[in-house]
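Computed from heavy atoms alone, side chains included, the values below leave out hydrogens, waters and symmetry copies. The sequence lines fix the lettering, A, B, ..., with proteins before strands; numbering per chain opens at 1.
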Protein chains: 2
Amino acid sequence: MMLTDRQLLILQVIIDDFIRSAQPVGSRSLSKKENIPFSSATIRNEMYDLEEMGLLEKTHTSSGRVPSEKGYRFYVDHLLSPQALKKKDMSQIQSIFADRILEIENVVQRSAEILSQMTNYTSIVLGPDHHENKVKSVQIIPLNLESAIAIIVTDTGHVENKRFTIPPGLNPEDIERMVKILNDKLTGTPLVELQDKMYKEVALFLKRHIANYDLMIEAFAQIMNIPVHDKLFFGGKMNMMNQPEFNDIDKLRMLMDVIDSEDYLYPLIKETSGSGIQIRIGKENNNEALKDVSLITASFPVIGGQSGSLAILGPTRMEYSRVISLLNVISMDLSKALSTFYDRDDK
Amino acid sequence: MMLTDRQLLILQVIIDDFIRSAQPVGSRSLSKKENIPFSSATIRNEMYDLEEMGLLEKTHTSSGRVPSEKGYRFYVDHLLSPQALKKKDMSQIQSIFADRILEIENVVQRSAEILSQMTNYTSIVLGPDHHENKVKSVQIIPLNLESAIAIIVTDTGHVENKRFTIPPGLNPEDIERMVKILNDKLTGTPLVELQDKMYKEVALFLKRHIANYDLMIEAFAQIMNIPVHDKLFFGGKMNMMNQPEFNDIDKLRMLMDVIDSEDYLYPLIKETSGSGIQIRIGKENNNEALKDVSLITASFPVIGGQSGSLAILGPTRMEYSRVISLLNVISMDLSKALSTFYDRDDK
DNA sequence: TGTTAGCACTCACTAATCACGAGTGCTAAA
DNA sequence: TTTAGCACTCGTGATTAGTGAGTGCTAACA
C-alpha cells in the first residue's frame, strides 16, 4: 500500500483531529486548516481513495470520515512521530520517584495512579513476578495455643504471611526447632520451588527432629501455596466513564466486567514482558467487550532477568503518541526504581 | 400522623411495588391486586390523602405515585416486617463461614463480596479497628547492608510490615539486641500507643545498649506510624450500574467519586459501631451525590469491646426488608467468626 | 357517610414530519 | 490535476399529533 505525501498528511490530520474531538471530520473543515492548502473537493477525492484503501470509514452515507481500525494501525505503524513529553508531564512523573518509597507495591501502585491521572484512561501495572524471589527468612509467631502466623520474607522485601492451626502435640520448643530447620533449608529457595522442596528435602529432615512432623508439613505446605497470579494494579478504572464512546451504560458495563474479572487482561499484560511496546487496536483484542478500545502495553526489565509490565486501556481513539511516550518514560523509571529492590547485594 | 389500616395497606403495597418495578404505581393497577378489594377511585382518594401527608409523590400531574423520602422513612420505621430470609440465602451465607478461613481480612472481604452479590447493591465492610490490637511480636529481617524489613505481628494475627533503611554503623548484633529489647518492651502494647512508648520508654533503654540508637528510633518510629484509617472493603462497586436510577452516566460518576474517595463514607460507617442498624435515606445522607441512595449500616461487636461495621449502599428504592435481614444475619456471623481471632487465650 | 362509576383533563412517550446543515459524489471548467 | 458548483444524503433538533395510563372531581349508590 503506497500513499502519496498528500494522502499521508490528510490521513494524519484526520486521525489527529478525530482523536481530539471524537467527531467525524469533513472535507470542508479540513480545508480550512492552515497546513492544508487544498480545496475541500480535492480532499474529498483523497478521502475517497483513503476510504477505498480501508483506512477511513463513514458513519453514514453523507457523514465525515472516521479512522478505521486499519487506519489506526497504519497511523501507529507509520505516522506516529515519537513526540517528546512536555516539561510539566516529565516533572509530574519524576515526582513518583522523587520521594524514596520503600515498598515495591507502593511504587507500582503509584505508577498506575499517575499514569491514569495523566492520560485520563485506565492504567494497569503488573509488578515483577515474585515467584522467582528467594526466601530470605522464615518466621513462625505463635498467637495462642491453637494458631500461629507463618511469615516468609523474600530477598526483595516482599512479605507473605498466613495464619495456620498448630497441629496438636507440638510444643514451643518444637516450633523453635522447626523455624531453625526451615531457615537452614529454605533460605535462598525461589518461592516457586518452595512446596516441592518442602516435601522432598525438608520433610526428611523434620522427620528426625519433630513429633507430628507430617501434620506440620501439611499445614506449612498450604501456606506456601502462593497465588499463581500476581496482582494487577489498576489506576483510573472509572476513567472510561469520561470517554464519549462509553456513554452507553451497557457498553460500559461490558467493559468493566472484563476489566474487573482480570482473567482476560492478565495473560495479555503478562505476555508482554520483555518485548517492548505492543499495541492492540479494537478487534485485535479478540474480545467483544474490548472491540472499541486499544490496549498499549510496555514492559520494564529489572535486574536479574525479571520484568514487569504496564498498560494503558483507552478508546481506539486514543492519544497514541502521548501514551507511548509516557509508557516509555515510566517503564524506564520503573526499571531503575525497582532494580534497586532486586539488586541482591547480600552480605 | 395517624393512618387508617387501609392507608397503611395501600402505602405498603405501593412501596413494595415500586421497589420491585421502579415504575410509578397507579390506582388502577393497584385495584387489580387480589389483596386490594377497593375500587381504583377509592384508592385514588387514599392516595390523595397519603400525598397530602407527604408520604407519596407524583413525578408529574397525571402520573402514578412514587414513595417520597418521608414515605420510605415511614415504611422503614413502621411498616417493615422483619421478613425471614429464604433458605437459599441462608445457606449461601453459611458458605462464607463454612470453610475455616484463617485471616481476618479474608473473612471481611468475602463478606463484602457475598453481601453485594446477594443484594445487587454495593456493600462496604469495615473490620474491627486494629489500633487497639496488642503487639505480639516484633521482627527485623535484614535484606542487605542498607535495608531491612520490620515486621509487627499483633495478637489478632494482623501483620504489619515496612521496609526501612538501616542507619549506618549498625551491625547485625545491634539489630539482634534491638529486636530483643523491642520484644521485651513492646509486647502487649496496643498499636496506638506504640509510637509514644517507643519514644518514652524504649528510647531510654536503647540508649544504653545500641550505638546510633537515635537514628534507629527515628527509622522505627516511622514504621509504627500505622495508617489512621482502617481499610474499607467494598463489594460490587459496579452494581450501581444495574440500577435504573443510575442510567445517567453523570449521576453514576458523581456517586462513584464519593464511593471511591472514601472520605465521606468512612466516618459514616465508622460511627455506626455499636449502635445497631442505622438507615439513612436519600437526602438524610447530606450529600448531593448520595441524594438518591440509601445507606444501611450495621455493626458487629467482637470479643474485647471492639466492633466492626458493614453497610449496604443502594438506591432509595431498596429492598429494605431483605437488606436488613441480611445485615442482621451476617453481622451476627461476623461477630462470631471474628471473635475467635480476638479471643486472647494466651498461654 | 363511605364507596364507586363516569368523565374530563393532564402529560410522558412515541412516531411522523419538516427544515437545516454539514457532509458527500459527480461533472465540467480552469 | 485541481477546483467550483450542484444535487443528493442523512443525522439532528424542533414541532406536531395520537395514545394511554394516570389523575381529580362530581354524582350516584349502598
Between A:Thr42 and D:dT3, does any side-chain N or O lie under 4.0 Å from OP1 or OP2? yes
Is there a donor-acceptor pair under 3.5 Å between the side chain of B:Ser68 and the backbone N or O of B:Gly54? yes
When you measure from the side chain of B:Gln7 to the backbone N and O of B:Thr4, does any donor-acceptor pair fall under 3.5 Å? yes
Heavy atoms, side chains only, cut-off 4.5 Å: are A:Arg317 and A:Ile15 in contact? no
For the residue pair A:Tyr320 and A:Tyr75, categorise the inter-ring angle as parallel (less than 30°), tilted (30 to 60°) or perpendicular (more than 60°). perpendicular
Sidechain-backbone polar pair: B:Ser123 side chain, B:Ala112 backbone, donor-acceptor under 3.5 Å: yes
Looking only at the side chains, is there a donor atom on one of A:Ser309 and A:Ser299 sitting less than 3.5 Å from an acceptor on the other? no
Under 3.5 Å side-chain donor-acceptor pair for A:Arg253 and B:Asn242: yes
For nucleotides 8-20 of chain C, just jot down a letter per nucleotide in 5' to 3' order: B, S or -, based on protein non-hydrogen atoms under 4.0 Å. --BBS--------
Can you tell me how far P of C:dA5 sits from CZ of B:Phe38, to the nearest Å? 14 Å
Let me know the distance between CD1 of A:Ile36 and P of D:dT2, rounded to the nearest Å. 14 Å
Do we get B:Lys270 above B:Tyr266's six-membered ring, with its NZ or CZ under 6.0 Å from the centre and within 45° of the axis? no
Which of D:dG24, C:dA5, D:dA4 is nearest the side chain of A:Ser39? It is D:dA4
Between P of D:dT23 and CD of B:Glu57, the distance in whole Å: 15 Å
Between atom CD1 in A:Ile43 and atom P in D:dA4, what is the gap in whole Å? 12 Å
Give me the distances for all protein-to-nucleotides 26-30 of chain C N/O pairs that come in under 3.5 Å?
none

B:Lys33: partners by side chain to side chain contact (heavy atoms under 4.5 Å, CB included), with sequence neighbours left out: B:Val13, B:Asp17, B:Arg20, B:Leu30, B:Asn35, B:Ile36
Name every residue in residues 2-31 of chain B that has at least one heavy atom under 4.0 Å from any atom of DNA chain D, in order of residue number, or write none if there are no such residues. B:Gly26, B:Ser27
State whether the side chain of A:Ser29 and the backbone N or O of A:Val25 hold a donor-acceptor pair below 3.5 Å, judged by distance alone. no
Using modelled atom types only, decide if a donor and an acceptor are shared between the side chain of A:Lys70 and the backbone of A:Met53 within a distance under 3.5 Å. yes
Any side-chain donor near an acceptor of the partner, B:Gln109 and B:Glu113, under 3.5 Å: yes
Name all pairs fulfilling the ring pair (Phe, Tyr, Trp, His ring centres under 6.0 Å) condition that reach into residues 28-55 of chain A, sequence neighbours left out, sorted by first residue then second. none
Is the distance from OP1 or OP2 of D:dG24 to the nearest side-chain N or O of B:Lys58 less than 4.0 Å? yes
Distances under 3.5 Å between nitrogen or oxygen atoms of protein and nucleotides 12-16 of chain D:
none

Gap between atoms CD and C1', on B:Glu51 and D:dG24 respectively (whole Å): 11 Å
Side chain B:Ser81, main chain B:Gln83, donor-acceptor under 3.5 Å: no
Tell me the interatomic distance from A:Glu46, atom CD, to D:dT3, atom P, rounded to whole angstroms. 11 Å
